[in-house]
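In what follows, a structure is listed as structure tokens, so that the remarks can point back to it.
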Amino acid sequence: MLTKKLTKLLKKAFIEAGYDSKYGEVVVSGRPDLCQFQCNGAMPAAKEYKKAPFIISDDVIEKLLSFEETKQYIKVAKTIKPGFINMTLTDECLIKNTTELGESNRLGIESTDTPSTIIIDYGGPNIAKPLHVGHLRTAIIGESIKRLFKFLGYNVIGDIHLGDWGLQMGMIISEIHRNQPTLPYFDSEFTGEYPIEPPFNLADLEEIYPRVSAKSKEDEQVYNEAKTATFELQQGNKGYLALWQHIMNVSLIDVKKNYQRLNVDFDLWYGESNSQQYIEPAVKVLKDNGSLYKSDGAMVVDVAKDDDKKEIPPLIIYKSDGSVIYGTTDLATIYQRMQDYNPSHILYVVDSRQANHFTQVFRCAEDNKLVPRSTSLEHIGFGTMNGKDGKPFKTRAGGTLRLSDLIDLVEGNAKTKIETNAKERGFTPNADEIESISKVVGLATLKYADLSNYRMKDYVFDLDKFSSFEGKTGPYILYSTVRIKNIIRKLESAGFNKGELLIPASQVERDILLKLDGFNNVLQMAARDRAPNVICEYVYELATLMSTFYHMHHILNEENQARKASWYTLLTYVLSTLINGLDILGITIPEKM
Ligand code: ARG
């Protein structure tokens with residue numbers, strides 16, 4: 001890590017020149033045309049020492065250049081007024097550094113020195129409703145953040161936190177009761193074994209929920225029956241629980257299929273229902289603290305603070321009918337997670353529109369010491385994926401687009417492109433290959449487009465743009481990576497061997513060496529801000545440098561064998577970096593495309 005090594009040198013130089021070492025921080029240059037690295041510490045130091053910044057930077061540079069070790073590192077160090085210290089490294093230093101990174105088994109990526117447990121709560125689909133576009137971003141962003149922290153050495157647990165304990169379950173149960181009242185689930189005298197076969201299939205289920213949900217809005221009795229059924233389910237009514245299990249089983253098959261298509265995987269398939277047994281102990285804490293009180297028949301906890309800019313209403317723990325709701329299960333889940341995993345962080349990757357809910361839940365948990373100070377609860381919000389009209393993406397007819405239809409759409413689009421593009425390049429995949437490549441490219445299209453926007457931003461779904469083989473897109477990055485694989489494959493099959501890195505043959509090769517060194521920094525930044533878009537930007541820049549490189553140099557035709565062997569080595573480093581970067585984004589790379 002060059003910035004680290006340079007910072008160490010600069011700090012030493014600041015001290016020896018009589019200044020505080022804190023000013024010695026070195027960063028990658030903002031003006032790569034002028035220098036590779038810079039230290040801007042002389043400007044703030046000037047205030048403290050009441051001197052002109054360039055006097056300080058000159059002092060520091062004088063010391064810096066007097067160190068023996070500097071000679072191996074630094075080719076040029078000079079002051080640029082008012083007091084920037086601009087530095088460019090020797091090529092020898094770059095090569096040595098790249099070789100070290102390339103030969104280390106993790107590309108020089110630092111693991112955390114505090115490998116605590118982090119729970120990532122993402123996905124969060126509600127059972128019995130088909131997954132739709134609204135479930136896309138949490139899945140993609142959550143998966144990437146999970147992979148990132150895993151890569152950095154944390155013990156990460158991804159939990160899907162299914163919505164499986166709320167009113168929608170009561171609605172379905174009461175609707176089935178109305179339609180099939182003779183089923184044993186509704187017979188309180190029934191003592192036998194409930195049937196193994198569910199009394200409905202997925203298609204039935206998907207039709208039941210919207211029907212009863214619409215009815216309940218018009219018919220108060222339907223609504224009340226749903227509420228009662230929800231309450232009884234939560235109280236442990238045996239028949240309802242058995243029916244609930246059927247709903248879960250049938251629904252989960254489809255849920256799993258969707259996540260599998262997204263290449264998103266959870267360590268825990270828990271849901272709101274799993275928190276049921278922790279509600280009592282969690283509520284006891286609230287009671288013992290004197291936080292829980294009755295308000296309009298409901299039981300609530302105040303979470304407002306004096307300096308709130310907007311009103312934060314109390315968190316409802318029990319509704320007036322005694323049933324628990326979203327906030328209650330979230331609170332109980334915090335209790336459960338602390339007990340089972342004692343995490344340092346719980347990150348909730350959930351739509352920004354739920355910000356108030358999380359403010360309420362987190363305050364309630366923190367104020368009542370359900371979590372220690374050392375555990376941080378964080379809402380990792382995100383914006384919406386919009387249509388060209390600027391509103392959340394819909395079908396042409398204005399309905400909610402199913403997630404599976406969206407995936408079909410991008411895969412279909414990728415397929416058409418692969419068929420034409422492959423032909424142009426003389427690659428003739430068979431039908432199976434086309435099928436599997438389209439899946440991988442389709443998913444990369446979707447994921448890269450989503451992740452490359454800073455998560456808090458809304459973005460417009462523009463398939464033509466996202467699926468282009470040029471520009472900042474998934475297909476472009478994949479194609480660049482596959483191209484490296486192709487060259488390596490050719491070198492391999494010609495029996496060629498990798499060799500030592502040589503002094504870079506061009507500026508672009510030097511830029512690639514510097515870029516490879518930046519990977520660690522990029523991952524640390526992405527983790528700090530919970531922002532995978534930084535990694536998207538990085539892989540794009542690296543891929544673009546490679547395409548400039550091919551314009552300048554022809555690896556396979558290179559006559560200087562040592563040079564060719566050096567480029568071979570460099571290619572393998574670039575490839576590993578891209579593979580790791582893309583893997584953190586949850587993007588798979590095809591062998592060919
Ligand atoms: N099921 C919720 C919804 O559809 C999302 C769950 C998010 N996670 C959580 N712990 N609240 O809105």
Side-chain angles (χ1 to χ4, degrees), residues 118-143 145-146 156-172 206 209-210 213 230 234 244 247-248 251-252 254-256 258-259 264 266-276 278-279 282 303 315-317 324-338 340-341 343 345-366 370-371 375-385 392 400-403 455 530:
I118 299 182
I119 294 182
I120 319 247
D121 179 315
Y122 69 113
N126 293 332
I127 289 300
K129 303 183 203 174
L131 270 79
H132 54 80
V133 281
H135 292 109
L136 182 73
R137 298 207 73 190
T138 169
I140 294 181
I141 299 170
E143 180 72 18
I145 292 179
K146 182 185 78 180
V156 189
I157 302 172
D159 184 2
I160 187 168
H161 200 73
L162 299 163
D164 61 358
W165 210 229
L167 187 60
Q168 89 272 23
M169 297 314 242
M171 284 201 184
I172 295 168
E206 289 184 347
Y209 178 73
S213 166
T230 309
Q234 291 175 354
W244 174 88
I247 302 174
M248 291 293 282
S251 193
L252 273 177
D254 186 58
V255 168
K256 290 196 170 163
N258 273 279
Y259 286 111
V264 164
F266 301 92
D267 303 298
L268 297 179
W269 283 79
Y270 287 171
E272 295 169 356
S273 64
N274 295 84
S275 75
Q276 176 64 31
Y278 301 91
I279 293 175
V303 290
L315 180 70
I316 302 176
I317 305 292
V324 297
I325 52 173
Y326 194 36
T328 327
T329 51
D330 260 334
L331 210 59
T333 302
I334 291 176
Y335 188 97
Q336 174 183 18
R337 287 171 175 166
M338 289 313 301
D340 292 354
Y341 302 105
H345 296 75
I346 308 179
L347 307 182
Y348 296 79
V349 184
V350 182
D351 194 308
S352 294
R353 288 172 291 189
Q354 292 197 26
N356 280 346
H357 165 76
F358 286 110
T359 303
Q360 290 177 299
V361 170
F362 295 171
R363 283 186 182 180
C364 181
E366 285 159 2
L370 288 178
V371 291
T375 297
S376 92
L377 305 173
E378 260 179 73
H379 177 204
I380 310 299
F382 53 82
T384 51
M385 181 178 98
T400 307
L401 183 68
R402 286 191 178 208
L403 187 58
R455 59 181 164 77
R530 289 79 164 108

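Residue numbers start at 1 and run along the sequence shown. Remember, it's 1-based here, ligands and their atoms both numbered in the order they're listed.
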Problem set entry | Residue contacts for ligand 1, heavy atom to ligand atom, distance under 4.0 Å |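 Close residues (ligand 1, cut-off 4.0 Å): D121, G124, N126, H161, Y326, D330, Y348, V350, Q354, F358.
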
For this session: Start with the C-alpha gap between F362 and Y348, add the side-chain angles, then the distance that decides, and say whether ring-ring contact (aromatic ring centres under 6.0 Å, His included) holds.
Result: CA-CA 11 Å; F362 295 171; Y348 296 79; 5.2 Å; yes

Problem set entry | Neighbour count above 12 (heavy atom, 6.0 Å) for I316 CD1 |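 No - once you tally the heavy atoms of other residues, nucleotides and ligands closer than 6.0 Å, there are 12 at most.
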
For this session: Measure the shortest side-chain to side-chain distance between Y122 and I145 over non-hydrogen atoms and say whether it is less than 4.5 angstrom.
Result: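 With C-beta onward as the side chain, the pair stays apart.
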
Exercise. What are the two closest heavy atoms between T375 and P343, and how far apart are they?
Worked result: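 Closest pair (atom of T375, atom of P343, distance): OG1-O, 2.9 Å.
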
Exercise. Between the side chain of D159 and the main-chain N/O of D121, is any donor-acceptor distance below 3.5 Å?
Worked result: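 Not a single qualifying donor-acceptor pair exists.
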
For this session: Classify the side-chain pair N258/H135 by whether it contains a donor and acceptor separated by less than 3.5 Å.
Result: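 The answer is no; no qualifying pair exists.
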
